Each structure stands twice: as C-alpha cells, then as structure tokens.
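Computed from a prediction, not measured in an experiment: that's the story for all the values here.
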Amino acid sequence: MTIMADVLLVFWSGTGNTEIMAEKIKEGIEKAGLSVDYKTVDQASPNDVSSFDKIIFGCPSMGVENLEEDEFEPFFDQVERNLSGKKVALFGSYGWGEGEWMDAWQTRVSDSGAILYDEGFKINSTPSSDEEETCIQFGEGFANF
C-alpha cells in the first residue's frame, strides 16, 4: 500500500539553480512536519496533480521570460485547469530581466481558481547561502499555509 505524501513538488531545472531551490523548499516543508512527493516534471503526470491539495511548481525563466517550453509548459498547460481550489506555490530562478515570467505565471494560477501562496518566489542566478535559507523558510511557510 502506498502512503500518500502531504505536498506535491514538481520542478524543471536546466542549470541546477531551480533544483537547488527545490531541494531547500522540500527541506523546509519536511522541517514543518509534512511529507513531500518530490518529482522532476518528466517524472510527474497530470494525475499526480489531481491527487494533491497542496502543490508547489518550480520552473526557471526561459527565453523571453517564459516557462520552459519543451517539458514544463506542456505539463503545466495540462494541469492548470485542475488547480481550482488547491493551494499552490510557485518558485524559480532567472538570469536576466526582473523575473517578469513569475508575474504572468502567478496570474495564470490565480485565474485557474487556485489559492496562491504568497507571491511567486524567485532568485536571480544561483542561490546564495542566505537565499537557500529563504527557500527553507518558503517551504515551511507553504507547509503551514
């Protein structure tokens, strides 16, 4: 028998920066006492999203401030219509601009009827040790949301 985790965390990372964030956010959720089903987007299915009430999505800014187009965007496009009423948090890294992709992503999630946790959490480039601590705090906050 499979034990269901409390939170689903699905992410895509190209350079590893968003993966570092994902690991630290997972650490924060677990520190708060919840279990995490931790998956890269290629390991996740739309059915996974349907099974959870609390979901965290992570994706860096790509191209002209977009979600990653080959794996993450098609996955998110499939699941966003199933987010209504669910508690959702967003995170990701970016390397240029001001991280505008997060604003558009937050709007998509809110428009889907999901309950968005805080603002989307974004970090420019590789997380510093202070930013890693902020990732842990973000995870703890979402766990208690």
Side-chain angles (χ1 to χ4, degrees), residues 5-32 34-145:
D6 299 306
V7 178
L8 175 64
L9 190 158
V10 178
F11 72 97
W12 185 92
S13 187
T15 62
N17 295 338
T18 298
E19 183 172 11
I20 291 167
M21 293 178 73
E23 289 168 359
K24 293 299 177 181
I25 290 168
K26 177 181 181 282
E27 185 179 325
I29 294 166
E30 291 173 340
K31 187 175 174 185
L34 298 184
S35 60
V36 181
D37 190 353
Y38 180 85
K39 297 182 175 200
T40 56
V41 73
D42 62 329
Q43 298 169 329
S45 80
N47 288 339
D48 293 329
V49 172
S50 298
S51 302
F52 284 86
D53 293 326
K54 290 181 104 164
I55 307 159
I56 298 186
F57 295 105
C59 185
S61 170
M62 301 292 288
V64 188
E65 297 284 330
N66 297 315
L67 294 173
E68 190 276 328
E69 296 172 336
D70 294 328
E71 292 181 81
F72 196 88
E73 175 62 45
F75 174 81
F76 194 77
D77 192 50
Q78 280 189 303
V79 303
E80 72 181 295
R81 63 185 162 271
N82 298 322
L83 297 179
S84 184
K86 296 180 184 287
K87 294 179 178 179
V88 174
L90 305 175
F91 71 93
S93 61
Y94 65 102
W96 56 88
E98 298 298 317
E100 294 90 347
W101 99 105
M102 187 60 75
D103 298 332
W105 196 13
Q106 288 173 179
T107 300
R108 281 177 74 177
V109 168
S110 294
D111 288 351
S112 76
I115 304 158
L116 187 62
Y117 171 69
D118 205 3
E119 291 185 350
F121 180 48
K122 57 190 178 186
I123 291 178
N124 190 331
S125 197
T126 305
S128 67
S129 54
D130 284 348
E131 288 169 330
E132 285 186 15
E133 186 57 40
T134 305
C135 290
I136 293 169
Q137 293 166 3
F138 184 80
E140 284 182 276
F142 184 67
N144 294 310
F145 175 61

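Taking NZ of Lys87 as the reference point, atom CG of Leu116 lies at 12.5 Å (rounded to 0.5 Å). Note: Asp48 CG to Asp37 CG = 6.0 Å, rounded to the nearest 0.5 Å. Taking CD from Glu100 and CH2 from Trp105, the interatomic distance works out to 15.0 Å, rounded to the nearest 0.5 Å. Separating the CD atom in Gln137 from the CD1 atom in Ile25 is a distance of 11.5 Å, to the nearest 0.5 Å. Taking CD of Glu131 as the start and NZ of Lys24 as the end, the distance is 13.0 Å to the nearest 0.5 Å. Here the CD1-OG1 distance, from Ile123 to Thr134, works out to 6.5 Å after rounding to the nearest 0.5 Å.
With contacts defined as side-chain heavy-atom distances shorter than 4.5 Å, the pair Leu67/Trp101 qualifies. In this structure the side chain of Asp6 never reaches within 4.5 angstrom of the side chain of Val36, judged on heavy atoms. Under the 4.5 Å side-chain criterion, counting only non-hydrogen atoms from C-beta, Ile115 is not in contact with Lys86. Contact check for Met21 versus Phe138: no side-chain heavy atoms found under the 4.5 Å cut-off. Counting only heavy atoms from C-beta outward, the side chains of Ile56 and Val88 never approach each other to under 4.5 Å. Val7 places none of its side-chain heavy atoms less than 4.5 Å from the side chain of Ile55.
Within a 6.0 Å radius of CG in Asn144, other residues, nucleotides and ligands contribute more than 12 heavy atoms. Other residues, nucleotides and ligands contribute only 12 or fewer heavy atoms inside 6.0 Å of the CD atom of Glu98. Summarising the local packing, CD of Glu119 is surrounded by 12 or fewer heavy atoms from other residues, nucleotides or ligands at distances under 6.0 Å.
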- Message: As a quick check of understanding, evaluate side chain to side chain contact (heavy atoms under 4.5 Å, CB included) for Thr107 and Ser110, giving each step before the final call.
- Response: CA-CA 5 Å; Thr107 300; Ser110 294; 5.8 Å; no
- Query: Do Ser93 and Lys122 pass the side chain to side chain contact (heavy atoms under 4.5 Å, CB included) test, and can you show the C-alpha distance, the side-chain angles, and the key distance before you say yes or no?
  - Reply: CA-CA 5 Å; Ser93 61; Lys122 57 190 178 186; over 6 Å; no
- Begin from the C-alpha positions of Lys39 and Leu9 and carry the test side chain to side chain contact (heavy atoms under 4.5 Å, CB included) through to its verdict. CA-CA 6 Å; Lys39 297 182 175 200; Leu9 190 158; over 6 Å; no
- Task: I would like to know whether Phe76 and Val109 meet side chain to side chain contact (heavy atoms under 4.5 Å, CB included); could you show each step before the answer?
- Result: CA-CA 10 Å; Phe76 194 77; Val109 168; 3.6 Å; yes
- Just do the salt bridge (charged side-chain N to carboxylate O under 4.0 Å, His left out) check on Glu30 and Lys26 with the steps written out, would you? CA-CA 6 Å; Glu30 291 173 340; Lys26 177 181 181 282; 2.8 Å; yes
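A salt bridge links Arg108 to Glu73: one of the charged nitrogens lies within less than 4.0 Å of a carboxylate oxygen.
Taking the six-membered ring wherever Trp is involved, the centroid distance between the rings of Trp12 and Phe75 does not fall below 6.0 Å. For Phe11 and Phe57, the ring centers are positioned 6.0 Å apart or more.
At least one donor-acceptor pair under 3.5 Å links the side chain of Lys54 to the backbone N or O of Phe145. When atom types are taken as modelled, the side chain of Glu68 and the backbone of Asp70 share a donor-acceptor pair closer than 3.5 angstrom. Between the side chain of Glu140 and the backbone N or O of Gly28 there is no donor-acceptor pair closer than 3.5 Å. Under a 3.5 Å cut-off, the side chain of Trp96 and the backbone N or O of Glu65 do not form any donor-acceptor pair. Using a distance-only test at 3.5 Å, with no hydrogens or angles considered, no donor-acceptor pair links the side chain of Ser112 to the main chain of Ser84. Using modelled atom types, no side-chain atom of Asn17 and backbone atom of Ser13 make a donor-acceptor pair closer than 3.5 Å.
Judged purely by distance below 3.5 Å, without hydrogens or angles, the side chains of Ser128 and Asp130 never pair a donor atom with an acceptor atom. A side-chain N or O of Gln43 and one of Thr40 form a donor-acceptor pair less than 3.5 Å apart.
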